[in-house]
Protein chains: 2
Amino acid sequence: MNNRESLVNFILSVVKISRDEADQIANTFHPIEIEEKDYLLRENEISDDYFYLESGLMRTFLYNLEGEEITIDFFTENNIVFEITSFFNRIRSEAYIQAITKCKGFRISYEELNTLFHDKPAFRDFGRAILVKEFIASQSRNFGMINRTAKERYQNLLSIEPQILQYAPLKYIASYLGVTDSTLSRLRKKM
Amino acid sequence: MNNRESLVNFILSVVKISRDEADQIANTFHPIEIEEKDYLLRENEISDDYFYLESGLMRTFLYNLEGEEITIDFFTENNIVFEITSFFNRIRSEAYIQAITKCKGFRISYEELNTLFHDKPAFRDFGRAILVKEFIASQSRNFGMINRTAKERYQNLLSIEPQILQYAPLKYIASYLGVTDSTLSRLRKKM
DNA sequence: AAATCCACTTGACAAAAGGCAAGAATTAAA
DNA sequence: TTTAATTCTTGCCTTTTGTCAAGTGGATTT
């Protein structure tokens, strides 16, 4: 079922290392599956999963001061899924990571990741590249929030990651875009 | 003038290493000063400064599709200032980094940073911690944009980093908060 | 000192988005 | 299959924010 080859290719697409070395790295990962609506991480836990998502759709969310659920981010196939803050700082997570559809992939722990960084210096560049990538994604989302109307943000999401709109319920998308359910519903109608 | 001791203390506050090692690291940095309104980085350049800001106030900004200047971030004293994307990916910057007030601090190049990472393994944790910190800052800004009104965002900035409001002109702050100058001016009046 | 420039303020109106509540539609449960 | 629970849509009205344009007040220049 699980196909470690996709992980090898993902690693190779991020850093320039030999296939052999990428194989060795991929082999230290452990296959896991997460059922729809199950959690990879819950509030107050210390994240210990550095998870390569091979197939499926996930999201992180948390509760704001009004107790409303806010979707912070979606994760699609062929990405590393983890809660950076909790994972690297070894502190309790404020967020949840949840499978929207059934998910498959490979994980390693914090300890295993550090061992890999030590044993495979080239893999450090991988780790850094992932962090930089997440940072860029967060920044460009900020920029979008400032420079685009809700409608434009929706259209942008639609063109960039249509899979999300296909599987995620409207309310997840609405909070992710920073609008109410009603507003998103109306925007949709006008298109 | 320049006081390398503040850099040593900053390093020690981020990672657990000996003062001696922190001294050695700090000694590879080069002192620089940037005059008010001068740039550390311009659009289309490849960032080559990993800059510890000892004193002064800076900002990054870029132009949106309408040609308006959008302030992306402010940097206050005792922080690392750099354009993560351009610096680590060795690509042309879309953003500017500018001194709002006269700035002093210490810099190293991309090459020097990597040499340091190689020579001082403990410093790698520093590098990672800085990346994680920037990521958290970006995420919490996102969260604020979604969950707070412009007025609340302004009040939050006021309570967290009042120095910014003291030195940065209204228009920088307005675009940073994602509102027009007029709106920010009105919000201010009501307080 | 007059002219110029820039940052900021303000007014009048328009557009975007939210709040609330009622009603469809869909899904899950009994 | 009927009930119950969610999720989504929609109408009405309010609040927030934007747009445009005019005006004020400093600072700088000439």
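Annotation: the span from B:Asp38 atom CG to B:Ile100 atom CD1 amounts to 13.0 Å, rounded to 0.5 Å. One finds the CD1 atom of B:Ile173 at 11.0 Å from the CZ atom of B:Arg59 (value rounded to the nearest 0.5 Å).
Between B:Lys102 and B:Glu35 there is a salt bridge, with a side-chain nitrogen of the basic residue lying less than 4.0 Å from a carboxylate oxygen of the acidic one. Using a 4.0 Å cut-off between charged side-chain N and carboxylate O, A:Arg186 and A:Asp181 make no salt bridge. Salt bridge absent: A:Arg42 and A:Glu83 never bring a charged side-chain N and a carboxylate O closer than 4.0 Å.
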- Query: Can you list the steps and then say if A:Asn156 with A:Glu152 is a side-chain hydrogen bond (donor to acceptor under 3.5 Å, both in side chains)?
  - Reply: CA-CA 6 Å; A:Asn156 183 57; A:Glu152 291 168 328; over 6 Å; no
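Note that the two end axes of the helix from C:dA1-D:dT30 to C:dA30-D:dT1 enclose an angle of 40°, each drawn from 5 base pairs, rounded to 10 degrees.
Taking atom OH on B:Tyr154 and atom P on C:dC8, their separation rounds to 11 Å, with Å as the unit. If you measure from atom NZ of B:Lys189 to atom C1' of D:dT17, you get 15 Å, rounded to the nearest angstrom. Look at CD on A:Glu152: it is 13 Å from P on D:dG18, rounded to the nearest Å.
Within the structure, every pair that satisfies the ring pair (Phe, Tyr, Trp, His ring centres under 6.0 Å) test and touches residues 147-191 of chain B, not counting sequence neighbours, is listed here: B:Phe74-B:Tyr176.
Every residue two or more places apart in sequence or in another chain was checked for a side-chain hydrogen bond (donor to acceptor under 3.5 Å, both in side chains) with B:Asp73, and none qualifies. For the side-chain hydrogen bond (donor to acceptor under 3.5 Å, both in side chains) test, no residue two or more places apart in sequence or in another chain qualifies with B:Arg153.
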For nucleotides 5-8 of chain D, tabulate all protein N/O to nucleotide N/O atom pairs closer than 3.5 Å, reporting atom names and distance.
{"residue": "D:dT7", "atom": "OP1", "partner": "A:Lys171", "partner atom": "NZ", "Å": "3.3"}
{"residue": "D:dT7", "atom": "OP2", "partner": "A:Lys171", "partner atom": "NZ", "Å": "2.8"}
{"residue": "D:dC8", "atom": "OP1", "partner": "A:Leu170", "partner atom": "N", "Å": "2.9"}
{"residue": "D:dC8", "atom": "OP2", "partner": "A:Leu170", "partner atom": "N", "Å": "3.3"}
{"residue": "D:dC8", "atom": "OP2", "partner": "A:Lys171", "partner atom": "N", "Å": "3.3"}

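Exactly one residue among B:Met58, B:Glu77, B:Gln98 makes a side-chain contact (heavy atoms from CB on, under 4.5 Å) with B:Cys103. That residue is B:Met58.
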- Quick one, give me the B/S/- string for nucleotides 15-30 of chain C, reading 5' to 3', where B means a protein heavy atom under 4.0 Å from the base and S means that only happens at the primed atoms, P, OP1 or OP2. --SBBB----------
